[in-house]
Amino acid sequence: MSAKTIAIAADHGGVELKALIVEQLSKQGYKVLDLGTDGASSVDYPDFAYAVCKTIIDGTAESGILVCGSGIGMSIAANRYPEIRAALVHDRLSTELCRQHNNANVLCLGARLLGVATAQDCVEAFVSTEFEGGRHQGRIDKLSAPH
C-alpha cells in the first residue's frame, strides 16, 4: 500500500509552521507535496490555496493543509471550490469534529494564532480521524449539490 499523499502550502505568514508540519508528516511516512511558498517575501494566499485544492480535485493528493497568518484567508479561498471542504481549526477537538462530521479534506491553520504544539496536534488529529458517515453524509452531499 502506498503512503497517503498530502499537499501543503503557506503564504509568507505561515512559512515557518509549514516547514515544521512537512517534517512532522514526512517522519510519519506520508508523501508530502510542498507547494510553497518558501520565503518571507509577501505572496498572495489565493494562489497557494488554489495549488493545494487543484491537487485534491485532480486526485494527486488525498487531502491538504494550508497555513497563513490567521488561517481565514486560506479557508475562504479553498472553500470556493465545490470539491473542497476546508476547515479553519483552533484545537484538537475542532479538528476531530471537522473530520468526523464534515469530512474536511483541507485543514487550515493560523500560524500567528496557534502555538506550534497546538498546530502539530491539529495536524495529527486531521490525519488520524475518520469521517463518521451515516447521518452526516447527506449533509456533505448538499455542500456540492447545485441549488
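Note that this is a predicted model, so its numbers are computed, not measured.
Minimum heavy-atom separation, Gly71 to Cys108: O-CB, 3.9 Å. Closest of all the heavy-atom pairs between Ala125 and Glu96 is CB-CG, 4.0 Å. The nearest pair of heavy atoms linking Cys122 to Thr95 is O-CG2, 3.1 Å. Minimum heavy-atom separation, Leu114 to Thr118: CD2-CG2, 4.0 Å. Heavy atoms only, all atoms of each residue included: Ala111 and Gly13 are closest at CB-O, 3.4 Å. In this structure, Ser128 and Arg92 approach most closely via the heavy-atom pair OG-NH2, 4.2 Å.
The distance from the OG atom of Ser26 to the CD1 atom of Ile21 is 11.5 Å, given to the nearest 0.5 Å. Note that the CG atom of Asp58 and the SG atom of Cys53 stand 11.0 Å from one another [nearest 0.5 Å]. Put simply, CG on Leu113 and CG on Leu88 are 8.0 Å apart, with the number rounded to the nearest 0.5 Å. Note that CD of Gln100 and CD of Glu130 are 10.0 Å apart. Values are rounded to the nearest 0.5 Å. Here the OH atom belonging to Tyr50 is positioned 13.5 Å from the CZ atom belonging to Arg80, to the nearest 0.5 angstrom.
Here the side chains of Phe126 and Ile6 are not in contact, with every heavy-atom distance at 4.5 Å or above. The shortest side-chain heavy-atom distance between Asn105 and Ile84 falls under the 4.5 Å cut-off. Counting heavy atoms from C-beta on, the side chains of Lys54 and Tyr81 never come closer than 4.5 Å. Using a 4.5 Å heavy-atom threshold, the side chains of Asp34 and Lys18 count as touching. In this structure, Leu109 and Val123 have side chains that are in contact, with non-hydrogen atoms separated by less than 4.5 Å. Between Leu25 and Ile65 the shortest side-chain heavy-atom distance falls below 4.5 Å. In this structure, Val67 and Met74 have side chains that are not in contact, with every pair of non-hydrogen atoms separated by 4.5 Å or more. Contact of the Glu83 side chain with the Ile56 side chain is not registered, since no non-hydrogen atoms from C-beta on lie closer than 4.5 Å.
No hydrogens or angles considered: a donor-acceptor pair under 3.5 Å links the side chains of Gln28 and Glu124. Side-chain N/O atoms of Ser94 and Asp91 include a donor and acceptor closer than 3.5 Å.
Between the Arg85 side chain and the Val106 main chain, no donor and acceptor come within less than 3.5 Å of each other. Ser75 places a side-chain N or O within donor-acceptor distance of the main-chain N or O of Ile72, the cut-off being under 3.5 Å. With hydrogens and angles disregarded, no donor-acceptor distance shorter than 3.5 Å links the side chain of Gln120 to the backbone of Gln24. Not one N or O on the side chain of Asp11 forms a donor-acceptor pair closer than 3.5 Å with the backbone of Val43.
In this structure, His136 and His101 have parallel ring planes: the angle between them is below the 30° cut-off, well short of the 60° mark.
Both Tyr30 and Val22 sit in one connected hydrophobic cluster of ILVMFWY residues. Membership requires side-chain heavy atoms under 4.5 Å apart, directly or through other members. No continuous path of ILVMFWY side-chain contacts below 4.5 Å connects Leu66 to Leu20, so the two sit in separate hydrophobic clusters.
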